[in-house]
Amino acid sequence: MTCNVDYNDVVAENERLRQRIRELERVEEERARLQEALRRSEEHVRLFVTYTPAAFAMFDRDMRYVMASHRYRAEFGLGDQELVGRSHYEIFPDVPEHWKAIHQRCLAGASEGNDEEPFPRSDGHVEWGMWKIFPWYAPNGEIGGIMLFTEVITKRKQLEDQLRMQAKTLLELSAPIVPISQGVLVLPLVGALDTVRAQQMMENLLSKVVERQARVAIIDVTGVPHIDTASANALLQVARAVRLLGAQVVLTGIRPEVSQAIVGLDIDLSCIVTRRDLQSGIAFATATNLPAAAPPSPR
């Protein structure tokens, strides 16, 4: 009887051991599967970060590189040098102090960005960039470091500045100020008179009135297709500003349809001298004994 009991116990124990081994094998298989899935996921993330068209870099809490995209390397001329594990401040020793302060704030949980910021380099030239920095979190919920998305926009800035200068030149060419005699300026306008152009016209005219010590500024609107409330108010503002400099504005070339439009809009141009055409305006200016505009007084 004892032998039978002992034998049955051994068989039962062996079965329990085999079942436990199968369970451990299943756990091991599941662990291996999860590890492989994690490896593939990490590889996908690495490939995504490496080849993403964005300039992206990831740092740990000590500002050492965890990973960086090819675009990031290209944007900053880093080539194929090894970045992982190296300090960002070793790679860029000319990082200004305010950037280091931004890094520390983001490592403390802040998210910051800027659409346009100059970045002086150690060789003296200035790069322009747009950037966004925010923290990334470890599985335990603590901040593991920061992520930086950036784009070098130096070429775009240079193009914008070039276009801005060209636009300014075109505005000046579209409203040339011509001195025709001592103390008399003529500003022939051609095309629509919008707010931007009116402001540019005022700045240029006031500058020329002072420079030439003009007593009369003739604004000829023969080439302006129509005058609405906004453009009429702009002319009034120009006249008032010129009068403050001690000079007189004469408005010439108002066509009949423009005159009717001004009356219909109930716009009061009584404070501005008007003449039928440029020739009449020049005749008025040369016959007027207004004092020349005084140069600005020293401060």
Side-chain angles (χ1 to χ4, degrees), residues 160-299:
E160 288 176 351
D161 291 342
Q162 183 179 1
L163 291 175
R164 194 176 298 111
M165 291 299 298
Q166 290 175 349
K168 182 179 179 182
T169 301
L170 288 174
L171 281 171
E172 292 173 350
L173 291 175
S174 67
I177 300 172
V178 183
I180 61 169
S181 66
Q182 182 65 34
V184 179
L185 302 174
V186 174
L187 173 61
L189 295 177
V190 179
L193 183 60
D194 57 20
T195 304
V196 175
R197 190 179 179 201
Q199 180 64 33
Q200 183 71 35
M201 177 187 74
M202 181 187 294
E203 293 175 0
N204 291 343
L205 183 57
L206 295 180
S207 175
K208 285 294 184 180
V209 166
V210 173
E211 177 186 333
R212 295 279 180 171
Q213 297 188 37
R215 53 187 175 80
V216 179
I218 302 172
I219 301 178
D220 183 67
V221 295
T222 304
V224 177
H226 68 277
I227 294 181
D228 56 15
T229 304
S231 54
N233 286 331
L235 290 172
L236 287 172
Q237 290 179 4
V238 171
R240 294 189 186 105
V242 170
R243 195 182 307 126
L244 288 174
L245 295 178
Q248 173 73 60
V249 166
V250 178
L251 190 62
T252 66
I254 298 180
R255 301 188 308 279
E257 61 272 23
V258 174
S259 176
Q260 290 177 357
I262 291 174
V263 172
L265 293 170
D266 195 24
I267 299 171
D268 182 13
L269 294 180
S270 60
C271 63
I272 301 179
V273 175
T274 58
R275 290 294 183 269
R276 181 172 50 251
D277 53 33
L278 181 58
Q279 183 177 357
S280 300
I282 293 174
F284 170 83
T286 55
T288 301
N289 292 320
L290 293 173
S297 59
R299 297 185 177 182

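The first residue of the sequence shown is numbered 1, and numbering continues consecutively from there.
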Which atom of [X] lies closest to which atom of [Y], heavy atoms considered:
| X | Y | result |
| --- | --- | --- |
| Val250 | Gly281 | CG1-CA, 4.2 Å |
| Ala285 | Val216 | CB-CG1, 3.6 Å |
| Met202 | Ala241 | SD-CB, 4.4 Å |
| Ala247 | Ala214 | CB-O, 3.5 Å |

ask   = Are any non-hydrogen side-chain atoms of Ile272 and Leu236 less than 4.5 angstrom apart?
value =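 Yes, close enough: below the 4.5 Å cut-off.
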inquiry  = Any non-hydrogen side-chain atom of Thr252 less than 4.5 Å from a side-chain atom of Ile219?
reply    =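 No, every pair of side-chain atoms sits at 4.5 Å or beyond.
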message = Would you say CD of Gln182 has more than 12 non-hydrogen atoms from neighbouring residues, nucleotides or ligands within 6.0 angstrom?
response =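 No, because the 6.0 Å sphere around CD of Gln182 holds 12 heavy atoms or fewer from other groups.
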ask   = Under 3.5 Å, is there a donor-acceptor pair between the side chain of Arg255 and the main chain of Val224?
value =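 Here the side-chain-to-backbone pair exists.
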ask   = Any sub-3.5 Å donor-acceptor pair from Arg275's side-chain atoms to Ile282's backbone N or O?
value = no
request  = Not counting sequence neighbours, which residues clear salt bridge (Lys or Arg N to Asp or Glu O under 4.0 Å) with Arg240? List them please.
outcome  = none
ask   = Is the closest side-chain donor-acceptor distance between Asn204 and Ser207 under 3.5 Å?
value = no
ask   = Would Val186 and Ile177 satisfy side chain to side chain contact (heavy atoms under 4.5 Å, CB included), going step by step from the backbone distance to the final call?
value = CA-CA 6 Å; Val186 174; Ile177 300 172; over 6 Å; no
Let me confirm one number: the [atom1]-[atom2] distance from [X] to [Y], rounded to the nearest 0.5 Å.
| X | Y | atom1 | atom2 | answer |
| --- | --- | --- | --- | --- |
| Leu245 | Lys208 | CG | NZ | 14.5 Å |
| Leu189 | Leu235 | CG | CG | 7.5 Å |
| Thr286 | Ile180 | OG1 | CD1 | 7.5 Å |

message = So, applying side chain to side chain contact (heavy atoms under 4.5 Å, CB included) with Ile218, which one of Leu278, Leu185, Leu187 is it?
response =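 It is Leu278; the other options fail the test.
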message = Set out, in order, the CA-CA distance, both residues' side-chain angles and the distance that settles side chain to side chain contact (heavy atoms under 4.5 Å, CB included) for Val221 and Ile254, then state yes or no.
response = CA-CA 6 Å; Val221 295; Ile254 298 180; 3.9 Å; yes
